[in-house]
Number of protein chains: 2
Amino acid sequence: MANKKISIKDIAKALGVSITTISFIINGKAEEKRISKEMVKKVEDYVAKVGYRPNHLAQSLRSGKSKVLVLMVEDISNSFFANIARLLEEKAFKNGYKIIYCSTENNTEKAKELIHTFKSRNVDGFIITPTAGLKNEIENLIKEDFAVILFDRWIPDLDCSHVIVENRRSSFEATQHLIENGAKKIVFITVTSDQTQMQDRLAGYLEAVKMAKMSPYVFEEPFHTSTEEFQGDQIKEYLLDHPDADALFFATNYLAFEGLHAIRKLELKIPKDVQVLAFDDHFFFSLYQPSISAIAQPLELIADKLMEGILIQLDDCGKSNSVEFKVELVNQFIQRKSTEFKV
Amino acid sequence: MANKKISIKDIAKALGVSITTISFIINGKAEEKRISKEMVKKVEDYVAKVGYRPNHLAQSLRSGKSKVLVLMVEDISNSFFANIARLLEEKAFKNGYKIIYCSTENNTEKAKELIHTFKSRNVDGFIITPTAGLKNEIENLIKEDFAVILFDRWIPDLDCSHVIVENRRSSFEATQHLIENGAKKIVFITVTSDQTQMQDRLAGYLEAVKMAKMSPYVFEEPFHTSTEEFQGDQIKEYLLDHPDADALFFATNYLAFEGLHAIRKLELKIPKDVQVLAFDDHFFFSLYQPSISAIAQPLELIADKLMEGILIQLDDCGKSNSVEFKVELVNQFIQRKSTEFKV
DNA sequence: TTGAAAGCGCTACCAC
DNA sequence: GTGGTAGCGCTTTCAA
């Protein structure tokens with residue numbers, strides 16, 4: 001059991017057979033290469049007996065393929081990404097691929113470094129939540145015929161497969177919902193970011209507000225992701241300055257958590273004093289009291305489409321660059337107590 | 001920019017220099033090998049110009065090392081693991097290592113398969129939340145001189161480095177806290193699992209209850225992890241059968257979420273009707289109303305110790321097996337409103 | 001039906 | 001100071 005490592009060569013020696021033959025058998029090409037049944041059996045038995053495992057590294061080096069996909073997300077501790085990761089891994093596994101994840105922490109330099117590392121490890125494909133700074137790297141990946149697919153956001157002026165959701169539309173409709181509920185002053189709370197999904201969510205809000213001839217109120221926090229402290233003091237200050245705000249629309253769920261802290265500190269009642277709504281659902285929202293309305297992204301479907309999109313590229317290796325795989329999925333609005341119609 | 005891939009050989013040809021020399025320079029051995037300054041400059045300039053990147057795959061194949069560590073957790077979408085993952089990644093990066101994660105989903109077969117895959121990809125070390133079924137695989141990893149460190153739980157009868165927390169003690173003290181608050185019937189809610197951390201948490205509870213001459217009440221759900229639905233109906237049934245339960249101690253935070261659902265459905269008041277306490281803090285607990293007391297594990301420290309422990313093995317390559325690195329860290333009890341002293 | 005051998009890109013020993 | 005070359009373990013073409 002502790003035989004350091006047994007290679008194809010050792011087997012060849014032990015069995016007095018050539019390396020080639022063994023390689024064929026191991027790779028299921030026995031039929032094709034018309035190798036005798038006895039030979040196959042002999043080799044297979046021996047392989048099973050010594051517990052031989054081919055060295056993937058060497059296989060990759062030789063073949064240029066690795067059956068490994070990389071998932072690069074902004075922050076793996078964000079529940080949206082963590083869930084996508086889990087779903088993707090499952091699906092990849094079924095298709096014979098391994099997934100390895102890593103977090104870019106929205107650090108373009110780190111992301112570049114990671115991309116180079118993985119490139120030189122012959123991974124077959126990349127699933128990425130990109131930052132704008134990654135445009136060149138991604139372009140190169142495509143040029144060099146790696147399978148690439150983006151999600152959550154995409155990069156303008158870059159022709160690349162992606163899976164996103166209807167950010168603008170959902171945001172628009174959700175805002176209208178608040179308006180129908182009687183909101184007069186809706187504040188959109190977001191972070192500074194030029195990422196497309198954030199821009200689209202904002203756009204949807206602005207559009208709905210404009211259509212209702214209301215004034216827009218946008219509060220923008222400095223960029224951060226979910227992992228920081230959720231104290232919400234900045235939002236609290238904003239609300240103190242805008243005591244007549246009667247609805248808050250949070251661009252992400254972690255912003256909503258901060259907002260809930262702020263609301264609590266100010267002892268505001270939801271939805272009586274303020275309605276609350278968030279983009280991107282979280283199990284938390286159904287448990288909080290009152291429960292929080294949210295726009296739920298179709299996680300399972302996103303993962304499905306990502307696999308589908310990347311497999312297309314992986315399969316027809318080479319001519320893939322022409323493939324158009326740009327998917328925009330529908331979200332589901334989940335109304336809960338925080339936006340209940342005011343009687 | 002789109003030069004498919006440029007290898008060390010191409011450089012050698014272009015510069016009329018030998019491969020060896022280039023390899024030395026690239027690997028910072030120019031000094032040691034006393035290579036002339038001009039030569040170094042010539043090569044470095046060219047390397048920079050063409051953007052040459054060494055092929056890690058080939059390096060690993062040759063050297064047997066990869067500077068990659070694998071983090072295998074039960075479920076990456078569980079916030080505890082996701083946070084550890086993020087912290088570890090950061091620390092690994094600083095030490096020149098890459099981390100790749102994967103989820104075992106508590107599936108021993110899948111975990112074995114993953115271990116084999118990574119072994120044959122020459123990863124340098126494994127950081128694992130093991131299941132009992134993994135004992136053999138882990139033993140082999142150690143025999144084969146991979147760096148290995150376990151966390152969250154460990155495997156009895158297996159001599160392996162690990163980083164865990166004081167489960168039993170924290171559980172004991174937390175139970176006493178409930179008793180001091182006047183609880184007469186404390187229910188410990190857990191899942192069926194022989195994992196050491198779960199057993200220890202249970203043991204701590206039992207000990208404290210026994211010492212107070214109270215009867216233990218343990219409700220055990222079938223095993224599951226955080227990703228399922230949080231409806232809490234089983235807990236609700238249990239509580240209906242035990243209407244006099246006046247304190248609930250949840251062995252994990254996701255169980256607490258289920259419990260909170262149940263409590264809400266039963267319209268019980270926290271802490272008046274039932275006190276609530278959970279092992280493993282979650283940002284949710286400080287936001288929920290009333291806020292929920294919890295035993296917080298020292299995430300940052302866990303990640304630190306894991307890196308420290310695995311680096312020891314990585315550094316003194318070979319004789320590492322004798323190293324004893326078994327750490328048990330102290331948790332922090334965070335009292336919140338859900339266990340406030342009853343007046 | 002099987003085998004020899006080239007070579008993926010790199011490291012490192014040994015020679016000059 | 002610099003270069004030739006033998007592999008790391010595997011796939012695959014070509015030959016026998």
Side-chain angles (χ1 to χ4, degrees), chain A residues 3-44 47 50-67 116-117 119-124 144, chain B residues 3-44 47 50-67 116-117 119-124 144:
Chain A
N3 355 15
K4 277 293 160 201
K5 24 189 81 173
I6 153 150
S7 81
I8 205 170
K9 213 194 287 184
D10 301 323
I11 302 182
K13 205 173 295 169
L15 256 41
V17 180
S18 96
I19 285 182
T20 315
T21 308
I22 298 179
S23 173
F24 285 149
I25 294 176
I26 288 171
N27 294 302
K29 296 191 181 153
E31 290 270 290
E32 184 187 329
K33 298 294 177 179
R34 293 133 58 79
I35 290 174
S36 68
K37 291 251 185 284
E38 312 100 72
M39 184 55 117
V40 171
K41 177 136 179 39
K42 187 163 101 181
V43 172
E44 282 180 345
V47 161
V50 299
Y52 166 75
R53 306 248 169 193
N55 181 314
H56 288 163
L57 217 58
Q59 285 180 322
S60 297
L61 180 60
R62 186 59 237 245
S63 65
K65 295 291 160 214
S66 63
K67 287 286 181 182
H116 285 128
T117 304
K119 260 168 129 168
S120 70
R121 291 206 143 82
N122 281 16
V123 303
D124 294 343
E144 294 167 32
Chain B
N3 354 15
K4 278 291 163 205
K5 23 189 78 174
I6 152 152
S7 81
I8 205 170
K9 213 194 290 183
D10 300 323
I11 302 182
K13 205 173 294 169
L15 255 41
V17 181
S18 98
I19 284 183
T20 314
T21 309
I22 298 178
S23 173
F24 284 148
I25 296 176
I26 287 171
N27 294 301
K29 297 192 180 153
E31 290 270 292
E32 182 187 332
K33 299 291 175 183
R34 293 135 57 80
I35 290 173
S36 69
K37 292 250 184 286
E38 311 98 72
M39 186 48 125
V40 172
K41 175 132 182 43
K42 187 162 101 181
V43 172
E44 282 180 344
V47 161
V50 299
Y52 165 75
R53 305 251 171 192
N55 181 313
H56 288 164
L57 216 57
Q59 285 181 321
S60 297
L61 181 60
R62 187 59 239 244
S63 66
K65 295 291 159 214
S66 63
K67 287 285 178 183
H116 285 128
T117 305
K119 261 167 129 170
S120 70
R121 292 205 142 82
N122 283 16
V123 302
D124 294 342
E144 294 167 32

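Chain identifiers are assigned alphabetically (A, B, ...) following the order of the sequence lines, protein sequences preceding nucleic acid strands; residue numbering begins at 1 within each chain. Small disclaimer: the values here were computed from a predicted structure and weren't measured.
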Ignoring backbone atoms, test whether A:Thr21 places a side-chain nitrogen or oxygen under 4.0 Å from the OP1 or OP2 oxygen of C:dT2. no
Whole-Å distance, B:Arg121 CZ to D:dC10 P, equals 13 Å
Contact check, side chains of B:Ile8 and B:Ser23, non-hydrogen atoms, under 4.5 Å: yes
Tell me: CG of A:Asn55 to P of D:dC8, nearest whole Å? 12 Å
Determine whether B:Ser60 and A:Arg121 make a side-chain contact, defined as any pair of heavy atoms from C-beta on separated by less than 4.5 Å. yes
Least distance between heavy atoms, A:Asn55 atom then B:Ser120 atom: OD1-O, 3.2 Å
note: A:Glu32, atom CD; D:dT13, atom P; distance rounded to Å ~ 10 Å
Report the distance from atom CG of B:Leu61 to atom P of C:dC10, rounded to the nearest whole Å. 12 Å
For each nucleotide in nucleotides 11-16 of chain C, reading 5' to 3', give B when a protein heavy atom comes within less than 4.0 Å of its base, S when such contact involves only the sugar-phosphate, and - otherwise. BBB---
Scanning both residues in full, the closest heavy-atom pair of A:Val123 with A:Ser66 reads CA-OG, 3.3 Å
Working to the nearest 0.5 angstrom, can you tell me the gap between A:Leu57 CG and B:Asn122 CG? 5.0 Å
In the structure I gave you, are the side-chain heavy atoms of B:Lys42 and B:Thr21 within less than 4.5 Å of one another anywhere? no
Does a side-chain N or O of A:Lys9 approach OP1 or OP2 of D:dC8 to a distance below 4.0 Å, or not? yes
Return the value, rounded to whole Å, for the distance between atom NZ of A:Lys42 and atom P of C:dT1. 16 Å
Interatomic distance where CG belongs to B:Leu57 and C1' belongs to D:dC8 [whole Å]: 11 Å
To the nearest Å, give me how far apart CG (A:Asn122) and P (D:dC10) are. 16 Å
Check the distance between C:dT1's C1' and A:Lys37's NZ and give it to me in whole angstrom. 13 Å
For the helix from C:dT1-D:dA16 to C:dC16-D:dG1, measure the angle between the helix axis at one end and the axis at the other, each built from five pairs, rounding to 10°. 50°
In the structure I gave you, are the side-chain heavy atoms of B:Arg53 and A:Lys119 within less than 4.5 Å of one another anywhere? no
Going by side chain to side chain contact (heavy atoms under 4.5 Å, CB included), name the residues that satisfy it together with A:Lys13, two or more places apart in sequence or in a different chain. none
Let me know which of A:Asn27, A:Ile11, A:Ile35 forms a side-chain contact (heavy atoms from CB on, under 4.5 Å) with A:Ile22. A:Ile11
